[in-house]
A.B. asks: 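Questions regarding the structure given below will be posed in turn.
In this text the structure is predicted, and so the values were computed from the model without any measurement.
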Amino acid sequence: MGAILFDREQLRQADVPLFSPSHWGERARPVGEGGRGGAWFIDAPFGHSVLRQYLRGGVAARFSRDRYIWRGANRTRSFAEFRLMRALHALKLPVPRPIAAFYMREGMRYRAAILMERLEGVRSLADRAQVAGRGAPWEETGRLIARFHRAGVDHADLNAHNILFDATGQGWLIDFDRGVQRIPATRWRERNLKRLLRSLIKLRGNRSQDDVEKDYARLRRAYDLAWNRGY
């Protein structure tokens with residue numbers, strides 16, 4: 001037993017094969033950067049897209065790589081992320097547009113996947129930081145995060161792979177799995193920012209931790225200024 005949510009402005013109908021990379025054949029290419037695998041670039045008739053299957057990491061993956069405990073359709077990872085992204089898109093926040101979400105229940109467990117718009121010509125902050133160092137968009141990142149936090153977006157995994165910029169400086173956030181909208185509060189905002197700093201240190205490459213922390217300080221100053229100004 002399963003179900004699909006989809007955007008009727010982008011798809012006339014949706015069925016289960018859409019969420020299988022084998023359905024797309026040569027039009028599906030694995031995404032290499034970040035994450036746990038389970039994501040593909042799809043050259044679909046309705047536009048360039050990203051297909052992501054929900055996979056477990058860490059110790060939990062030893063028991064089940066792609067099954068989650070069933071707690072109701074509205075609490076499936078795919079439906080929750082689809083609806084959050086729709087809400088953020090409606091607020092004109094820079095996120096990929098969700099196309100469709102799917103779950104398949106098997107007893108007291110389920111597996112799930114989501115299909116969304118692919119952002120073209122973008123590079124992650126992780127990549128930009130390793131290549132450009134101090135020339136990476138630190139201030140722009142701080143302002144971008146503050147904008148999402150103002151809207152109450154608590155990102156569950158705010159790491160440097162999930163912050164993207166194009167050549168014009170336009171930024172986006174991606175991967176809202178387990179994210180929620182809530183009343184802006186100091187505790188969860190600080191948790192998001194500390195998660196990002198840990199990510200930047202882990203992905204620093206040949207750069208020293210001191211250099212990374214100095215760049216993060218630029219990001220944080222821009223964040224605080226934007227937050228205090230209310231945007």
Side-chain angles (χ1 to χ4, degrees), residues 10 29 31-35 39 41-43 47-50 52 81 84-99 116-177 179 181 184 189-190 192-231:
Q10 299 184 81
R29 292 176 290 111
V31 176
E33 184 183 68
F41 292 131
I42 306 293
D43 295 328
H48 293 169
S49 310
V50 175
R52 192 177 81 241
E81 185 172 5
L84 176 58
M85 291 178 69
R86 290 248 322 190
L88 301 184
H89 195 269
L91 291 173
K92 301 190 183 305
L93 288 169
V95 301
R97 187 170 181 175
I99 299 170
M116 70 195 79
E117 170 192 18
R118 178 183 176 184
L119 301 173
E120 302 289 350
V122 293
R123 293 167 59 196
S124 70
L125 180 63
D127 182 40
R128 295 283 295 274
Q130 289 181 349
V131 173
R134 297 193 66 79
W138 301 111
E139 286 82 3
E140 293 86 346
T141 299
R143 290 190 288 269
L144 178 68
I145 296 169
R147 183 179 173 190
F148 277 84
H149 281 179
R150 271 289 166 199
V153 181
D154 181 358
H155 196 293
D157 189 16
L158 189 63
N159 66 61
H161 288 300
N162 290 334
I163 302 171
L164 308 178
F165 287 92
D166 67 15
T168 71
Q170 168 68 48
W172 287 269
L173 292 190
I174 62 171
D175 192 356
F176 291 91
D177 180 25
Q181 267 188 292
R189 292 191 296 114
E190 291 297 329
N192 280 192
L193 291 164
K194 287 177 181 177
R195 172 70 182 92
L196 176 57
L197 176 57
R198 292 195 302 271
S199 166
L200 290 168
I201 292 171
K202 180 179 178 181
L203 299 169
R204 69 182 185 273
N206 294 324
R207 306 181 69 223
S208 70
Q209 182 168 329
D210 184 61
D211 282 344
V212 173
E213 290 177 347
K214 287 178 181 177
D215 291 334
Y216 175 79
R218 293 170 54 194
L219 181 159
R220 184 59 197 252
R221 282 193 297 271
Y223 172 92
D224 288 337
L225 184 59
W227 177 264
N228 292 333
R229 287 179 174 175
Y231 59 84

A.B. asks: Would you list the pairs meeting salt bridge (charged side-chain N to carboxylate O under 4.0 Å, His left out) in which at least one residue belongs to residues 215-227, sequence neighbours left out?
C.D. replies: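 Pairs touching residues 215-227 that pass the test: R134-D215, E139-R218, E190-R220, R207-D215, D215-R218, R220-D224.
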A.B. asks: Name all residues meeting the side-chain hydrogen bond (donor to acceptor under 3.5 Å, both in side chains) criterion together with R189; count only those two or more places apart in sequence or in a different chain, and write none if there are none.
C.D. replies: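 With neighbours one apart ignored, the set is Y223.
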A.B. asks: NE2/H155 to CG/N162 distance, rounded to the nearest 0.5 angstrom?
C.D. replies: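 Rounded to the nearest 0.5 Å, the NE2-CG separation comes out at 5.0 Å.
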A.B. asks: Could you give the distance from OH (Y216) to CG (L193), rounded to the nearest 0.5 Å?
C.D. replies: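 The distance works out to 4.5 Å.
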A.B. asks: For Q181, enumerate each residue passing the side-chain hydrogen bond (donor to acceptor under 3.5 Å, both in side chains) test, keeping only those at least two apart in sequence or located in another chain.
C.D. replies: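 Partners of Q181 under the side-chain hydrogen bond (donor to acceptor under 3.5 Å, both in side chains) test: none.
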A.B. asks: Nearest 0.5 Å, please: how far is CG in D127 from CD1 in I163?
C.D. replies: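 Rounded to the nearest 0.5 Å, the CD1-CG separation comes to 13.5 Å.
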A.B. asks: Is any side-chain heavy atom of L125 closer than 4.5 Å to a side-chain heavy atom of L164?
C.D. replies: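 A side-chain contact is absent here, since even the closest heavy-atom pair is not under 4.5 Å.
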A.B. asks: Using a strict 4.0 Å threshold on nitrogen-to-oxygen distance, state whether R52 and D175 make a salt bridge.
C.D. replies: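 Yes, R52 and D175 are salt-bridged.
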A.B. asks: According to ring-ring contact (aromatic ring centres under 6.0 Å, His included), who are the partners of F148, at least two apart in sequence or on a separate chain?
C.D. replies: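 For F148 there are no ring-ring contact (aromatic ring centres under 6.0 Å, His included) partners, ignoring immediate neighbours.
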A.B. asks: Please list, chain by chain and in numerical order, all residues satisfying salt bridge (Lys or Arg N to Asp or Glu O under 4.0 Å) with R97, sequence neighbours excluded.
C.D. replies: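 Here the qualifying residues are D7, E9.
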A.B. asks: Quick check: does any side chain N or O of E117 sit under 3.5 Å from a backbone N or O of P96, one acting as donor and the other as acceptor?
C.D. replies: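 No; judged by distance alone, with no hydrogens or angles, the pair does not exist.
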A.B. asks: Without swapping roles, check the side chain of Q130 against the backbone of L203 for a donor-acceptor pair under 3.5 Å.
C.D. replies: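 Side chain of Q130 to backbone of L203: a pair is present.
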A.B. asks: Please name the pair of heavy atoms, one in P98 and one in R86, separated by the smallest distance, quoted to 0.1 Å.
C.D. replies: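 What the structure gives for the nearest pair is CG-CG, 3.6 Å.
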A.B. asks: Output all residues satisfying salt bridge (Lys or Arg N to Asp or Glu O under 4.0 Å) with K214, sequence neighbours left out; order by chain, then residue number.
C.D. replies: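 Here the qualifying residues are D210.
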A.B. asks: For the atom pair CG (L219) and CG (L200), what is the distance rounded to the nearest 0.5 Å?
C.D. replies: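 L219 atom CG to L200 atom CG measures 7.5 Å (nearest 0.5 Å).
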A.B. asks: Run the side-chain hydrogen bond (donor to acceptor under 3.5 Å, both in side chains) test against H48 and tell me which residues pass, sequence neighbours left out.
C.D. replies: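 Counting only residues at least two positions away or on another chain, H48 forms a side-chain hydrogen bond (donor to acceptor under 3.5 Å, both in side chains) with E120.
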A.B. asks: Quick one: pull up CG in L119 and CH2 in W172 and give me the separation to the nearest 0.5 Å.
C.D. replies: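 Going from the CG atom of L119 to the CH2 atom of W172 covers 5.5 Å.
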A.B. asks: Quick check: do T141 and L144 have side-chain heavy atoms less than 4.5 Å from each other?
C.D. replies: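 They are not in contact (no side-chain heavy atoms under 4.5 Å apart), so the answer is no.
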A.B. asks: Just to verify, what does E140 make a side-chain contact (heavy atoms from CB on, under 4.5 Å) with, not counting sequence neighbours?
C.D. replies: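 Checked E140 against side-chain contact (heavy atoms from CB on, under 4.5 Å); matches are P137, R143, F165.
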A.B. asks: According to the salt bridge (charged side-chain N to carboxylate O under 4.0 Å, His left out) rule, which pairs have a member within residues 151-168, sequence neighbours left out?
C.D. replies: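 Residue pairs passing salt bridge (charged side-chain N to carboxylate O under 4.0 Å, His left out), neighbours aside: D154-R182, D154-R191, D157-R195.
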A.B. asks: Under 4.5 Å between any side-chain heavy atoms of L88 and L173, yes or no?
C.D. replies: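 A side-chain contact under 4.5 Å is absent here.
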A.B. asks: We want to know whether H149 and N192 form a side-chain donor-acceptor pair, criterion being a heavy-atom distance below 3.5 angstrom.
C.D. replies: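 Yes, side-chain donor-acceptor contact under 3.5 Å.
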